[in-house]
Amino acid sequence: MMSSEFVLELISVFHTGPVEPGSCVQKLVGNVPTGVILKDISLEIHGGELMAILGSKGSGKRALLEVISRRAQGPTRGQILLNHVPMSLRLFQDSCGYVNHKTQLMEGLTAKQTLEYSSKLSLSSKIGSSVRSSRVRQVLADLALTQVANRPVDQLMPSEYRRLIIGIQLIKDPLVILLDEPAWGLDPLNTYFVISILSNHAKKYNRIIIVTMEKPRSDILPFLDRVTYLCLGDVVYTGSTRHMIDYFRSIGFPCPELENPLMYYLCLSTVDRRSRERFIDSNNQIAALVEKFKLEGGPYRKYSGPPPDLDHLEHKVPLSAYGRPGVFSTMLALLGRAYVMMSPCSYVGLQQFFFRLLMLPAFFFLLWNFYYDLEAFQRSFQSRGGLIFNCLAGTAFLSTAATSKTFAQHRTRYYHEAREGLYRGPLFIMTYNLFSVPVSYVSVMIASAIVYFGVSVADSAVDWLGWVVFGSVLWTVWAFVEQQTIALMMIVKSSYSAAATSVALTTFYLLVASATLRSLVLLPDWLYYLGHVIVFRYASAVLHEQTFFNKMPNLPVNDTVDCPDNNAEYGCRYRNGTYYLLERYHFPENGLDLGRHDLDMWFNLALSFAFFGGMLVLNLVLYLVPLPSFIKSKFRD
């Protein structure tokens, strides 16, 4: 367990990483140009202190945070110690927190619910629900969010949203908190407010807080206990803010009166790129400042303030020291959060509720309006075939729409939380399906009832088994396409791009494997066997057999022409539904089966479920295999 006096030390840290964005091919093969990003970084910061890392764009601020958090890509040399213990990724995840420059929260939750579920995911169940609730209330109060605790996340002001993002990390009471541009996009008053809150938190709980800033204002100077100036990976100054002005004055760079010292010395530490001559002069000057600090800056790096009064500090032992919640507790938290997000009490929740539960029944209601007066004539064979196709296609395409609309938030939040070590991909996918599967099944069964009982597909008004089969096979299509879209959204950030790709694949499946559009009897062998790896072949066969086999005998052409037998001359194309199937499927009665047997309802139904299971297993594997960092980073930044 950590002691009550915390200290973070960096000793001669060097880091090499990518210096150019690189093309997609270069990223895939790991051939992105690299260079030295951080050069001989040595600094320390103690509990109760707030440090600002200042520098212009490209100075290495974010890289320094990535190195401290052990997330940086590329080799790192030197020592990073937390209470004299080498910092590892596991130690950082357990005892520290990182607030990204951009973070997307679950919009269907309120501010209080966001913190409650964050506490359930990050705090051990050993501390008890009362302690977690107390912690949530305390963080809301510390961040001045109590008044908006019950306001949906999507209705928060930018400053409130930013403070809530910080609160997600504060909820687990980390020893060290790294914040990348915490005041980005905020006005001066809210910037002052956020920095003052962070400073108060550091002193109240004896924690270490490090922030990066590109344009610091003078009014935050009193809150900064330490400051580090970086330029192209070199340290120009690091140490006490109180001694900063004295140091620069001693080396010949006094800060003019009425100037903002933070910005003045930031400009002094920035390379001037307006012309070649200015670049050379400023670069030489900064190199001299770096060397000067290496020779004379040692005393400024050390802690010079009074020792903290540990007896009056709150939470001497951080809550993170009690460990993380178990797998079962994590699953319950993820499930609870998903169901709360679908609550129709908010606008976003209402959207989720509609897409997940009501959209497909609404579409099937439209189908019922078109097909409800389906008459018992010869043309109804084709009409019923069209109904089957519309049911299959509508279910598949609406599954893509619902998944791309509702899964994106869960996906992006997973990438953030997985980086914190809260849970891994397979647990996320299994939990998401425990939530999604029953909801989608209820939706599909409601939708299928509208058509099955409303368009005379059922043998009788109480044909419940037939309805269960009809709805279940449609659900396998929904679930398969949902898993397909989830797999695409694992690497495609844009929901629209993922949906368009999924729709294109689904259209291909329907064209190849659905006997409603084309007969399977006379297909070339290669195309016929290609359909065996497509779920629509089996789902379509189940629906066709259920609808037509040994049904609708002797349907007339119209009210005046009867059809006692097949007679194309009078428009009597099909004696009954079985003859319609003979035209489209291989089975022994048509004499053309050639060893093929397409119609076996229960076998095809089982294979339809197997396709869903196969896609689910594929997603579990995909979310287990490590992805290239450049793919994961686009969901986090």
Side-chain angles (χ1 to χ4, degrees), residues 18 21 24 27-28 62 65-66 69-73 89-90 92-94 96-109 114 117-118 120-122 153-154 161-162 164-169 171-172 174 178-181 324-325 327 330-331 333-335 337-338 341 348 352 403-433 435-436 482-499 501 618-637:
C24 185
K27 292 176 180 177
L28 284 173
R62 182 179 295 182
L65 297 189
E66 296 284 332
S69 62
R70 291 306 190 186
R71 301 176 177 182
Q73 301 298 314
L89 178 59
R90 181 60 183 271
F92 185 87
Q93 290 176 341
D94 289 343
C96 308
Y98 191 114
V99 180
N100 288 310
H101 173 53
K102 294 180 181 178
T103 300
Q104 180 178 327
L105 302 178
M106 298 293 209
E107 294 184 349
L109 305 178
T114 299
Y117 284 108
S118 294
K120 293 178 181 179
L121 290 172
S122 57
V153 167
D154 56 301
Y161 193 93
R162 173 62 60 177
L164 183 58
I165 292 172
I166 296 171
I168 291 176
Q169 295 302 320
I171 202 74
K172 62 182 181 182
L178 309 180
L179 301 101
D180 184 21
E181 297 287 350
R324 294 269 178 93
V327 173
T330 301
M331 290 183 67
L334 292 174
L335 277 174
R337 186 171 70 180
M341 283 185 62
V348 175
Q352 294 257 340
T403 306
S404 61
K405 179 66 176 179
T406 60
F407 179 69
Q409 287 194 70
H410 296 273
R411 181 269 320 269
T412 304
R413 195 74 202 120
Y414 152 72
Y415 276 107
H416 283 281
E417 292 172 339
R419 197 174 194 182
E420 298 172 22
L422 301 183
Y423 51 86
R424 302 188 67 187
L427 177 62
F428 164 67
I429 287 297
M430 284 301 300
T431 306
Y432 181 81
N433 279 282
F435 155 70
S436 175
E482 179 183 36
Q483 295 300 316
Q484 172 184 272
T485 309
I486 287 174
L488 290 169
M489 293 181 70
M490 178 185 182
I491 58 175
V492 179
K493 184 176 182 180
S494 169
S495 298
Y496 298 105
S497 299
T501 305
L618 176 62
N619 273 329
L620 290 173
V621 173
L622 289 176
Y623 274 81
L624 181 63
V625 175
L627 284 176
S629 58
F630 76 91
I631 292 180
K632 294 185 288 188
S633 64
K634 66 184 178 182
F635 297 106
R636 297 168 177 159
D637 298 336

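In what follows, every heavy atom counts, from backbone to side chain, and hydrogens, waters and symmetry copies are set aside.
Annotation for Ala333 and Lys120: closest pair CB-CB, 3.8 Å, computed over non-hydrogen atoms. Here the closest non-hydrogen pair linking Ser69 and Leu89 is O-CD1, 3.8 Å. Closest approach of Tyr161 to Leu105, counting heavy atoms only: OH-N, 3.0 Å. Nearest heavy atoms, Asn100 versus His416: ND2-ND1, 3.3 Å. Nearest heavy-atom pair, Leu488 versus Ala498, reported as atom, atom and distance to 0.1 Å: CD1-O, 3.7 Å. Looking at every heavy atom in both residues, Met490 comes nearest to Leu622 through CE-O, 2.6 Å.
Applying the ring-ring contact (aromatic ring centres under 6.0 Å, His included) test to Tyr414 and every residue at least two apart in sequence or in another chain returns Phe428, Tyr623. Residues meeting the side chain to side chain contact (heavy atoms under 4.5 Å, CB included) test with Ser122, sequence neighbours left out: Ile171, Lys172, Leu422.
Arg411 has its side chain out of reach of Ile486: every pair of non-hydrogen atoms, C-beta onward, lies at least 4.5 Å apart. By the 4.5 Å heavy-atom criterion applied to side chains, Leu121 and Leu334 are counted as neighbours. By the 4.5 Å heavy-atom criterion applied to side chains, Asn433 and Gln483 are counted as neighbours. Under the 4.5 Å side-chain criterion, counting only non-hydrogen atoms from C-beta, His410 is in contact with Met341. Proximity of Glu482 to Ser436: side-chain heavy atoms (C-beta onward) are separated by under 4.5 Å at one or more points. You'll find the side chain of Glu107 reaches within 4.5 Å of the side chain of Gln409, heavy atoms only. Contact of the Lys405 side chain with the Ser495 side chain is not registered, since no non-hydrogen atoms from C-beta on lie closer than 4.5 Å. Within the 4.5 Å cutoff, the side chain of Ile166 has heavy atoms near those of the Leu179 side chain.
Taking a 6.0 Å sphere around CE of Met430, one finds it holds 12 or fewer heavy atoms contributed by other residues, nucleotides or ligands.
For the atom pair Asn619 CG and Met489 CE, the distance stands at 11.5 Å (nearest 0.5 Å). Rounding to the nearest 0.5 Å places CG of Leu427 at 12.0 Å from CG of Leu624. The CZ atom of Arg413 lies 6.5 Å from the CZ atom of Arg337; values are rounded to the nearest 0.5 Å. To the nearest 0.5 Å, the span separating OG1 on Thr406 from CD on Gln352 amounts to 5.5 Å. Distance OG1/Thr114 to CE/Met106: 9.0 Å, rounded to 0.5 Å. Atom CD in Gln484 sits 9.5 Å away from atom OG1 in Thr501 (nearest 0.5 Å).
A donor-acceptor contact closer than 3.5 angstrom is absent between the side chains of Gln73 and Glu66. Side-chain N/O atoms of Tyr98 and Glu420 include no donor and acceptor closer than 3.5 Å.
A salt bridge is absent between Arg324 and Glu417: the closest approach of a Lys/Arg side-chain nitrogen to an acidic carboxylate oxygen does not fall below 4.0 angstrom.
At least one donor-acceptor pair under 3.5 Å links the side chain of Gln93 to the backbone N or O of Arg419.
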